[in-house]
Amino acid sequence: VQFAESGGGLVQSGGSLRLACAASRGRLDGYAVAWFRQAPGQDREGVSCLSASDGLKYYADAVKGRFTISRDNAKDMVYLEMNGLKSEDTAVYYCTSDLSSYCLSPPIWLRNDPVDWGRGTQVTVVS
């Protein structure tokens with residue numbers, strides 16, 4: 001499975017964006033899907049994860065209450081709705097999976113190494 005992210009852009013502080021994750025090869029349904037992000041000069045960090053087995057959702061403390069992860073099985077898409085964006089949310093956002101059906105709690109997020117990293121989608125939040 002390969003992943004393709006979309007929906008990033010330039011937004012003012014306090015604004016919203018919805019990121020989308022699609023599988024360019026294979027399908028997402030049945031798999032846990034996680035969102036990660038990487039800001040310039042920083043390590044990649046987990047943002048959110050959605051289990052397929054039980055629908056549990058996990059969020060990084062920095063985004064709790066502002067971001068929502070969801071899945072549309074009919075479209076085979078996973079979304080990350082981002083509200084109340086802050087400058088510190090500026091990063092390249094990636095979706096991925098280890099092809100297991102469940103997430104693990106942060107900071108582990110996934111049981112195994114992700115199978116693929118896409119190109120990501122840039123989110124830039126300006127004041």
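Because the structure is predicted, anything quoted here is derived from the model rather than measured.
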Taking all heavy atoms of Ala20 and all of Met77, pick out the closest pair and write down the distance.
CB-CE, 3.6 Å
Would you name the heavy atoms of Ala52 and Arg71 that are closest together and state the gap between them?
CB-NH2, 3.9 Å
Criterion side chain to side chain contact (heavy atoms under 4.5 Å, CB included) against Leu80, the qualifying member of Leu50, Val63, Leu19
Leu19
Determine whether Val78 and Leu56 fall in the same hydrophobic cluster, where Ile, Leu, Val, Met, Phe, Trp and Tyr are linked whenever their side-chain heavy atoms lie under 4.5 Å apart.
no
So, taking the atom named SG in Cys103 and the one named NZ in Lys57, what distance separates them when rounded to the nearest 0.5 Å?
11.0 Å
Can you confirm whether Asn112 is buried at CG, in the sense that more than 12 heavy atoms of other residues, nucleotides or ligands lie under 6.0 Å from that atom?
yes
Compare every heavy atom of Thr96 with every heavy atom of Val115, then report the nearest pair and how far apart it is.
N-OG1, 4.3 Å
Is there a continuous path of hydrophobic side-chain contacts, each under 4.5 Å between heavy atoms, that joins Trp109 to Leu104?
no
Are Tyr94 and Leu110 linked, directly or through intermediate hydrophobic residues, by side-chain heavy-atom contacts shorter than 4.5 Å (ILVMFWY only)?
yes
Flag yes if more than 12 heavy atoms outside Glu88 fall under 6.0 Å of its CD atom; otherwise flag no.
yes
From Phe67 CZ over to Ser16 OG, what is the distance, rounded to the nearest 0.5 angstrom?
9.5 Å
Starting at CD1 of Ile69, measure out to OH of Tyr79 and round the result to the nearest 0.5 Å.
12.5 Å
Minimum heavy-atom separation for Asp98 to Ser100, with atom names?
OD1-OG, 2.7 Å
Is a side-chain N or O of Ser13 found less than 3.5 angstrom from the main chain of Val126, in a donor-acceptor match?
no
With a 4.5 Å heavy-atom cut-off, do Leu28 and Cys21 have their side chains touching?
yes
Roughly how far, to the nearest 0.5 Å, is the SG atom of Cys49 from the CH2 atom of Trp35?
12.0 Å
Hydrophobic cluster membership, Tyr59 vs Phe36, 4.5 Å side-chain cutoff:
no
Would you kindly confirm whether Tyr102 and Tyr31 end up in one hydrophobic cluster when ILVMFWY residues are joined by side chain heavy atoms under 4.5 Å apart?
no
How many angstroms lie between atom CG of Leu99 and atom CG of Asp113, to the nearest 0.5 angstrom?
11.5 Å
Is a side-chain donor or acceptor of Gln2 paired with a backbone partner of Arg25 at a separation under 3.5 angstrom?
no
Which pairs with one or both residues in residues 117-127 pass side chain to side chain donor-acceptor pair (under 3.5 Å), sequence neighbours excluded?
Gln122-Thr124
Between CZ on residue Phe3 and OG on residue Ser97, distance to nearest 0.5 Å
5.0 Å
Under 3.5 Å, which donor-acceptor pairs link side chains of residues 37-45 to any protein atom two or more places apart or in another chain?
| from | atom 1 | to | atom 2 | distance (Å) |
| --- | --- | --- | --- | --- |
| Arg37 | NE | Glu45 | OE2 | 2.7 |
| Arg37 | NH1 | Asp89 | OD1 | 2.9 |
| Arg37 | NH1 | Tyr93 | OH | 2.9 |
| Arg37 | NH2 | Glu45 | OE2 | 3.2 |
| Gln38 | NE2 | Gln42 | O | 3.1 |

